[in-house]
There are 2 protein chains.
Amino acid sequence: MQFSFRLPVATHILLCIERFKDEYKATSTFLASSVNVNPVIIRKTLGQLKAAGLVDVAAGVGGAKLTKSPEDITLWDVFQAVEEDEDLFHFQENPNPKCPVGRNIHGVLGDRLEEVRQHMLADFKKVTIADLLASIEAKEAAE
Amino acid sequence: MQFSFRLPVATHILLCIERFKDEYKATSTFLASSVNVNPVIIRKTLGQLKAAGLVDVAAGVGGAKLTKSPEDITLWDVFQAVEEDEDLFHFQENPNPKCPVGRNIHGVLGDRLEEVRQHMLADFKKVTIADLLASIEAKEAAE
DNA sequence: CTTATTGTAATCGATATCATTACAACACAA
DNA sequence: TTGTGTTGTAATGATATCGATTACAATAAG
């Protein structure tokens, strides 16, 4: 069980926009060629990033730009933009209310799992687009 | 995007086995009536917990028992028993190798996300079946 | 008006999950 | 030995989600 491609794809998009901002217009076709997914997927994801206020997309003329500096965009922003804000795990809707375990498990286990999720979100906040771009440049320079 | 029912169901099973160990034989039918899923799901999950060494299941005569004390079983054990040990997110298989972002994103972003996953697993280790049972008893006593 | 692009809907195939039925294997008791 | 209750497992079906793809109206600029 895994999360979908969406966070990695959205992150890839933001990195490409920033990395090539002075060289290429960031159209869905251009971005699709780096990520290697269908341009429609790029447009949908770009739509989510736009709704979250992370990018501006030029209708008609084409191209996307970041609305903030890459130091100010974290994986948390990206995750919130492309994933539903929901529990980490599914819970059985109707456990047996006559069983002490059944009638309390959602509350008790759900609380613990929500804490885990909050830690995960806090971790996401520690990583910025600028960090990732710096790591990429470092790797490029290394070899 | 969420993880499946499996961790909550498996946890529910372990809690019921322990909670009712002196009152009822923990058959798949009995457990199914508390969790409210099909007994076959219980048997499959019980099979995973058995493979992970967390329970003994009596073939033929029926019933399951914990192999360790509930203080020594954590959500990490349960998670490992029922979920694949894989990346948290899918990555695009073939990003463009001619693009500096495309050829480095898996390495760079994958590393950060793996750290997040390790933190999540560490969080799971902090919660035991005994903790959860204590919380349930506390809730029961409260009202 | 032409051109390139975005935004969006619709459809398709693939995959995963859980529910359910069915049945052989098994352990124990009468 | 036979009967009963149970486990282990295979097979099937319904449902949901995801990503790929096609299609096309709306948009902006020359």
Side-chain angles (χ1 to χ4, degrees), chain A residues 1-13 16-17 20 24-52 54-65 81-84 86-95, chain B residues 1-10 12-13 16-17 20 24-33 35-52 54-65 81-84 86-95:
Chain A
M1 190 67 191
Q2 293 182 302
F3 287 99
S4 68
F5 290 109
R6 287 201 295 268
L7 177 79
V9 167
T11 307
H12 193 146
I13 288 173
C16 277
I17 292 173
F20 297 112
Y24 299 100
K25 184 165 73 166
T27 66
S28 62
T29 308
F30 171 73
L31 294 168
S33 75
S34 172
V35 181
N36 193 28
V37 295
N38 195 283
V40 176
I41 305 295
I42 300 288
R43 284 182 224 146
K44 274 188 170 175
T45 307
L46 227 29
Q48 294 178 300
L49 294 172
K50 181 176 155 188
L54 302 179
V55 300
D56 277 333
V57 183
V61 57
K65 294 187 192 319
V82 301
E83 295 281 350
E84 295 293 318
E86 62 194 347
D87 288 344
L88 214 47
F89 290 86
H90 281 282
F91 270 87
Q92 196 60 24
E93 287 299 315
N94 304 303
Chain B
M1 190 67 190
Q2 293 181 303
F3 287 100
S4 68
F5 291 109
R6 287 199 295 269
L7 176 79
V9 167
H12 193 146
I13 288 172
C16 277
I17 292 174
F20 296 111
Y24 299 99
K25 185 165 71 166
T27 66
S28 61
T29 308
F30 171 71
L31 294 169
S33 75
V35 181
N36 193 29
V37 295
N38 195 284
V40 176
I41 304 294
I42 299 287
R43 284 182 223 145
K44 274 188 169 175
T45 306
L46 227 29
Q48 293 178 300
L49 294 172
K50 180 176 157 188
L54 302 178
V55 301
D56 277 334
V57 183
V61 57
K65 294 188 193 316
V82 300
E83 295 282 349
E84 295 294 317
E86 63 194 344
D87 288 344
L88 214 47
F89 290 86
H90 282 282
F91 269 88
Q92 196 60 25
E93 287 300 313
N94 304 303

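Hydrogens, waters and symmetry mates play no part in the numbers below; they use all other heavy atoms, side chains included. Predicted, not measured: the structure shown is a model, and the values here were computed from it.
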Rounded distance (Å) that lies between atom [atom2] of [N] and atom [atom1] of [X]:
X       : N      : atom1 : atom2 : answer
A:Phe5  : C:dT15 : CZ    : P     : 12 Å
A:Leu49 : C:dT6  : CG    : P     : 14 Å
B:Ile13 : D:dT7  : CD1   : C1'   : 14 Å
A:Leu31 : C:dG7  : CG    : P     : 12 Å
A:Leu46 : C:dT5  : CG    : C1'   : 12 Å
A:His90 : C:dA19 : NE2   : P     : 12 Å
B:Lys25 : C:dA29 : NZ    : C1'   : 12 Å

Presence of [X] side-chain N/O under 4.0 Å of [N] phosphate oxygens OP1/OP2:
X       : N      : result
B:Lys44 : D:dA10 : no
A:Arg43 : C:dT5  : no
A:Ser28 : C:dT6  : yes
A:Asn38 : D:dT21 : yes

A:Lys25 side-chain N/O to A:Val61 backbone N/O, donor-acceptor pair under 3.5 Å:
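Present.
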As a test of understanding, state which of A:Ile42, A:Leu7, A:Val35 forms a side-chain contact (heavy atoms from CB on, under 4.5 Å) with A:His12.
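Among A:Ile42, A:Leu7, A:Val35, the one that satisfies the side-chain contact (heavy atoms from CB on, under 4.5 Å) with A:His12 is A:Val35.
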So, for [X] and [Y], which heavy atoms are closest and what is the spacing to 0.1 Å?
X       : Y       : answer
A:Asn36 : B:Pro95 : CB-CA, 4.1 Å
A:Ile17 : A:Ala64 : CG2-O, 3.5 Å
A:Val37 : A:Ala32 : O-CB, 3.2 Å
B:Ser28 : B:Pro39 : CB-O, 3.8 Å

Pick base, sugar-phosphate or nothing for A:Val37, based on heavy-atom distances below 4.0 Å to the nucleic acid.
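Result for A:Val37 = sugar-phosphate.
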Contact class for B:Gly62 vs. all strands (heavy atom < 4.0 Å): base, sugar-phosphate, or nothing?
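It contacts sugar-phosphate atoms only.
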If the plane angle is over 60° it's perpendicular, under 30° parallel, otherwise tilted; pick one for B:Phe20 and B:Phe30.
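It falls in the perpendicular class, over 60°.
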End-to-end bend of the helix from C:dC1-D:dG30 to C:dA30-D:dT1 (five-pair axes, 10° rounding)?
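Rounded value for the end-axis angle: 10°.
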